[in-house]
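Working notes, structure below.
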Amino acid sequence: MMAFIEMLMNITPYPVLSLLIWCAGLLLALYLARNYVHQLIGSICRAVYNALRLAASEVRGAEKNLARRNREVLVARGMEAIERKVERELSQMNAAVVKNTESYAALHRRISETIAKIDDDHRDSIDVPSSLPNWKPVIEAIAKIEHPGDALVTEMLSEIQRMLKEQHAIAIEGHRSATRARHRLLDKMLPRWTQTEKTLRSLEQSMASLAGRAEKVDKTIQRYRQMQADSDGAARAFSSSALTEFVTSALFLAVAAGGALINFDLIALPLSEITGGGTTIGPYRTAKVIAFVITAVQLSLGLLLMESLRITRLFSLIDSLDKRLLSRLTWFTLTLLVVFAGVESSLALLRHHMLADLALLKQALAGIEPSGGPESLAPVAAHMVMGFILPFWIALGAIPLAAFVSSARAILGNIGAAFLRLTAFSLRLLGQTSVSAGRLLTAAYDLIIFPTLWLEGLFGSRSRTTKQSAKPGGWNGLLKRSKKRLDNDDPSGQLKESR
Amino acid sequence: MKRMLALGLAAVLAVAGCSSVEDRSVGVYVLLTVDARKSAEIDTARKVVGVLLQALAPADTLAAASIGTVAFSDANLIATVNFDQRPSVVNAQKKVFRDRFDRFVRNAGDSAYSDITGGMLHAIETLNRSGSGRKIILILSDLTQLPTSAAARELPVQMTGFNVVILRADGLQPESRDMKLFLRRLKALRRKIESGSGRCHVIDSPQQLEDLLKADKRTEPA
């Protein structure tokens, strides 16, 4: 290498002169190749630019497709939720109407009977007892009769007084009994009125409840129509609700996962007593694998139960089953869950004994005398209750799981669309950068050969300069020409759109 | 419904069918020389056995034998146990082992020499018979061998797959004036083990033994 440099430097006796000659030659060569180099740089940059813009356009198209699909899914999901709400309300309305219709005949009969009885009582109580005879003037008239002490007259008057008193007492008693009977009839009317009023009030409540439901259904239907009319607004609303559902379901799912973990820990140790502590499936202990499978089965049963109760709708196959089959499925899964709960409760008891045994062994190995106090039942009971409750808790985890899966589609779709948007932007940015890099390289090339350009300007090459001004050369000219060609070559207009 | 039931049944059968007794169980054979009059020796031996009993799991094997004898025989065996698959049974077995070991330690007498080679041969035979996947021979001794003929001491021992762990702890190594001699014996023993394709480890505390067993990820509570 050094020898080659020396050879180059020795073309004249003066190395500096040799260097100058070589530099001049190199500059001349670069000057002569200037247009070709500019074209080369322009072509390369144009190729990179076009490729990147094309890629950006494709990515942007994919992003738009994904966004459209996301929107469709989101709107469909939201609409389905509204439909389900309407369906539920209508179902409840139907149940209420059926119930009220069934009981209407009995209700009508009861009210009619009560009214008839009230009517009878009222009729009976209309008869007002006759007023008492006005004895006073008679008595006064008799009292005014003078009697000179004749015994006969005295006796007669006394007899009249006695008879009058007797008649008066009988009349009072008759009046009282008649009034009492009337009051009794009126008394009997009061509870009948109350009962009738109560029945009518319950009827009114039922009607009000139906009216309330109808109003709710009306509002939901109105919302449904609004959403159908304004799909953008619907997509925004559903997107927001999907995000909320995603976050809340993730939180609940985490809690359910905690329960599953505790459940796994609770049953793994006692299962080793059944399966054997030294057996493995692959690299994992059999007891742990079975504990994991049992926990997963409980979650699956929970999913089946929720599907059969129509709380979640992940499987269209289950959703399409008839009511009788769904009811059977519900009872089957519920029975299995109860069996699992019972088994786990027993395993929890076994675990408690095993841990106590292990603690005793450790104490013995450490040379500590075991404490002989009576064992409290509370930890045993807590273990067993926990073992019984946890399968149901895990089964309930199916609800947040379904919500998570359902909302994750929308969220992941949005994330994917955002990623594609970012990629398209990056590609466009890179395309623009390649354009700038081409300009920079051209300018740098001209800077290197500036002495020749200066000389060209000094000695004047008018014809060349004129030609260049007439037809723009260099990078700008190439760029303009490439744009024109690109516009002609791309009838779909995708590139224009992407710009 | 039928399909789901069939799938569930298939899953249960698959789980049951895949279950197998692993051949990665651990077998530990303890060779020791202890003197009931030396409390440091006894404490260390008890500690080591305690560590082993806590660390070993179902399907493992544990045996202990005294090598403080002129010629090792079955009579020197203190206790041997193949742990059951059920943890509750394992706990009972561990208690019995511990009791036997304590009884031996209380009555152990001093011995001027030890028959390490004989003990190792017995340990190899026992551990090979147990079918343990990982075999460990633990030596708690000052390595003083019987001055028998060189030919007997140099009897080659095939120890492929065996790990021999020598514990150098309080009471199990000679005083500093005899340390050179001990190190020479240790070197000779190591050479013998390695010539039989075995692996030799020297540890300084029972804690290191626990770490050694834990390294195999087999120290879950029984």
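Keep in mind the model is a prediction, meaning the values are calculated, not measured. Note on naming: letters A, B, ... go to the chains in the order of the sequence lines (proteins, then strands), and numbering restarts at 1 for each one.
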Take B:Lys95 and A:Asp357 through the test salt bridge (charged side-chain N to carboxylate O under 4.0 Å, His left out) and record every step on the way to the result. CA-CA 11 Å; B:Lys95 278 179 196 164; A:Asp357 204 20; 3.5 Å; yes

Throw together a table of side-chain donor-acceptor distances under 3.5 angstrom for residues 260-270 of chain A, partners on residues two or more places apart or in other chains.
from, atom 1, to, atom 2, distance (Å)
A:Asn263, ND2, A:Thr295, OG1, 3.3
A:Asn263, ND2, A:Gln298, OE1, 3.3
A:Asn263, ND2, A:Glu344, OE2, 3.3
A:Asp265, OD2, A:Arg351, NH2, 3.3

Does B:Arg199, at its CZ atom, have more than 12 non-hydrogen atoms belonging to other residues, nucleotides or ligands within less than 6.0 Å?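 No - once you tally the heavy atoms of other residues, nucleotides and ligands closer than 6.0 Å, there are 12 at most.
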
More than 12 heavy atoms of other residues, nucleotides or ligands under 6.0 Å from CZ of B:Arg98: yes or no?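 Yes, because the 6.0 Å sphere around CZ of B:Arg98 holds more than 12 heavy atoms from other groups.
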
Which value, rounded to the nearest 0.5 Å, describes the distance between B:Leu53 atom CG and A:Leu361 atom CG?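 Here the rounded value is 7.0 Å.
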
For the residue pair B:Gln85 and A:Thr279, what are the closest heavy atoms and their distance?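 Closest heavy-atom pair between B:Gln85 and A:Thr279: OE1-N, 3.7 Å.
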
With no hydrogens and no angle check, is any side-chain donor or acceptor of B:Gln54 less than 3.5 Å from a backbone partner on A:Lys362?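 A pair under 3.5 Å: no.
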
